[in-house]
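Reading through the structure tokens given below for one structure.
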Amino acid sequence: MSRRKIQFSKRSKRTVAIIGLGYVGLPLACLAAEKGWRVFGVAKNPTKIALVNAQRSPVREPGLDRWLKRVNVEATTDFAVIRQAAVVVICVPTPVDEQYNPDLGPIIDVSHKVKRFLRRGQLVVLESTVNPGVCQEVVQPILEQRGLRAGKDFWLAHCPERIDPGNRRWTVRNIARVVGATDAVGLRRAVAFYASIIDGPIRPMPSIREAEAVKILENSFRDVNIAFINEIAKSFARLGIDTVEVIEGAKTKPFAFLAHYPSAGVGGHCIPVDPYYLIERAKRGGFNHEFLKLAREINNSMPAYTVDQLVRALNERRRAISDVRVGVLGVSYKANVSDTRESPTYQVLKLLKDEYRARYEVFDPHVPGGSSVQSLEQLLTRSDALILMTDHRQFVEQLQARTLKRHKILAVVDGKNALDKAAISKAGIVYRGIGR
Ligand code: SAJ
């Protein structure tokens with residue numbers, strides 16, 4: 001499809017309202033503002049609104065503070081600004097609850113708020129990750145409750161977000177996008193909107209459901225591949241095989257192998273969540289995703305596996321986990337970010353406390369209020385054994401064998417296989433990785 005510029009009505013003066021100012025909505029708002037759109041950023045949280053209007057990012061993401069100082073995003077809690085927009089983009093979370101059931105609450109709540117101010121000629125785009133069917137079965141019926149019709153009075157499209165927190169190479173500006181809509185005009189308008197702000201390629205999809213399915217496929221693919229290597233790691237560990245070395249060996253094959261790495265768990269707001277949306281919707285359609293469910297079970301088992309590795313490591317020193325002080329390193333779900341959503345560290349801490357009655361300290365320099373000590377040095381001073389949960393640059397650089405030896409650390413479980421196994425073992429410290 002050509003990127004023919006569709007002129008948005010003069011009245012809207014190329015105005016966009018972005019609902020949700022988190023990891024997804026805020027970068028999108030900055031980019032649209034940079035590209036000449038008048039941008040209303042709408043969120044429920046007045047503190048977040050005040051920060052954005054003070055050109056300070058409520059989201060700890062590299063570069064966002066600087067970007068906000070260069071552009072004008074008009075943040076407000078007042079959804080009525082939607083009336084002034086040609087385009088409304090919904091970027092609210094799609095989490096799961098404690099039982100891993102999809103929670104469409106935020107989407108439903110925002111759809112009702114958008115409905116109140118929806119007017120003829122507007123384009124509504126959902127960026128939140130959802131299973132196939134949510135746009136047409138949940139969002140569209142709500143937006144139509146006041147009599148306007150999608151495809152006739154307003155347009156409804158889906159452009160799944162692809163933000164990778166902390167990734168400075170692939171950003172909202174250059175990541176390729178897919179777009180689907182409920183009809184051809186909506187698709188053209190949605191492609192035109194994204195073409196006006198992003199540099200990456202835009203692939204129109206045949207339908208809105210196929211656009212919803214793309215993101216679910218991407219992230220389910222990643223989840224099952226991580227589960228695969230986690231199962232391999234558990235197996236290879238018993239055979240005395242270093243899984244990371246085997247992966248590096250397999251990577252020498254220049255085709256048909258995509259490396260994934262075993263770890264202490266799968267966190268984040270995408271990978272451990274998105275498959276459950278498809279599992280649940282498919283079940284309602286009479287299909288049982290055995291493989292996706294098994295992958296989720298394997299990945300959800302990794303925190304317990306990690307703590308069990310520490311029990312076994314301490315047994316080599318004839319120590320019980322309940323009579324040592326455990327230092328847990330890292331709360332965020334992946335290296336060098338502050339995001340703690342679905343972090344496996346929370347399961348590890350719960351196991352240490354409830355199952356093993358172990359004493360522990362926790363430290364993460366990226367997570368304000370997430371630590372029980374003030375510094376890495378203080379954690380090491382108060383620990384006899386360590387579990388590395390997040391391979392923050394600071395940890396990998398500072399957790400050298402000689403440092404651990406100096407602090408009389410007995411055992412280390414390297415939940416990200418990020419530390420120097422040989423040097424730590426040589427220092428007389430029991431080292432166990434995940435699959436190594
Ligand atoms: N993880 C592993 N082994 C791996 C890769 C990841 O255990 O081989 C764990 C990480 O430690 C983390 C979790 O999985 O706890 C998720 O890691 P991630 O690298 O997938 O990071 P996310 O959650 O930020 O994933 C995002 C996703 N982007 C979107 O959903 C838009 C995902 O699709 C990307 O593939 C991923 O970034 C990426 O490639 O960086």
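Heads up: numbering here begins at 1 and tracks the sequence. All values reported here derive from a predicted model rather than from experimental measurement. One-based numbering, in listed order, for ligands and for the atoms of each.
Among residues two or more places apart in sequence or in another chain, the ring pair (Phe, Tyr, Trp, His ring centres under 6.0 Å) test is passed with F287 by H289. Every side chain to side chain contact (heavy atoms under 4.5 Å, CB included) that K350 has, sequence neighbours left out, goes to D354. Under the rule for a ring pair (Phe, Tyr, Trp, His ring centres under 6.0 Å), F291 has no partner lying at least two apart in sequence or in another chain.
Judged purely by distance below 3.5 Å, without hydrogens or angles, the side chains of Y360 and S372 never pair a donor atom with an acceptor atom. With hydrogens and angles left out, the side-chain atoms of T129 and H269 include no donor and acceptor closer than 3.5 Å. Residues S57 and W67 have side chains that never bring a donor and an acceptor to within less than 3.5 angstrom of each other.
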Quick one: table the atom pairs, ligand 1 N or O against protein N or O, below 3.5 Å, distance rounded to 0.1 Å.
{"unit_1": "ligand 1", "atom_1": "3 (N)", "unit_2": "Y261", "atom_2": "O", "d": "2.7"}
{"unit_1": "ligand 1", "atom_1": "7 (O)", "unit_2": "S263", "atom_2": "OG", "d": "2.7"}
{"unit_1": "ligand 1", "atom_1": "8 (O)", "unit_2": "Y261", "atom_2": "N", "d": "2.8"}
{"unit_1": "ligand 1", "atom_1": "11 (O)", "unit_2": "K416", "atom_2": "NZ", "d": "2.7"}
{"unit_1": "ligand 1", "atom_1": "15 (O)", "unit_2": "G267", "atom_2": "N", "d": "2.9"}
{"unit_1": "ligand 1", "atom_1": "15 (O)", "unit_2": "Y333", "atom_2": "O", "d": "2.8"}
{"unit_1": "ligand 1", "atom_1": "19 (O)", "unit_2": "R222", "atom_2": "NH2", "d": "2.9"}
{"unit_1": "ligand 1", "atom_1": "20 (O)", "unit_2": "R222", "atom_2": "NE", "d": "2.6"}
{"unit_1": "ligand 1", "atom_1": "21 (O)", "unit_2": "K334", "atom_2": "NZ", "d": "3.4"}
{"unit_1": "ligand 1", "atom_1": "24 (O)", "unit_2": "D164", "atom_2": "OD1", "d": "3.3"}
{"unit_1": "ligand 1", "atom_1": "24 (O)", "unit_2": "Y333", "atom_2": "OH", "d": "2.8"}
{"unit_1": "ligand 1", "atom_1": "24 (O)", "unit_2": "K334", "atom_2": "NZ", "d": "3.0"}
{"unit_1": "ligand 1", "atom_1": "30 (O)", "unit_2": "N219", "atom_2": "ND2", "d": "3.0"}
{"unit_1": "ligand 1", "atom_1": "33 (O)", "unit_2": "N219", "atom_2": "OD1", "d": "2.6"}
{"unit_1": "ligand 1", "atom_1": "35 (O)", "unit_2": "R222", "atom_2": "NE", "d": "3.4"}
{"unit_1": "ligand 1", "atom_1": "37 (O)", "unit_2": "D164", "atom_2": "OD1", "d": "2.9"}
{"unit_1": "ligand 1", "atom_1": "40 (O)", "unit_2": "D164", "atom_2": "OD1", "d": "3.3"}
{"unit_1": "ligand 1", "atom_1": "40 (O)", "unit_2": "D164", "atom_2": "OD2", "d": "2.8"}

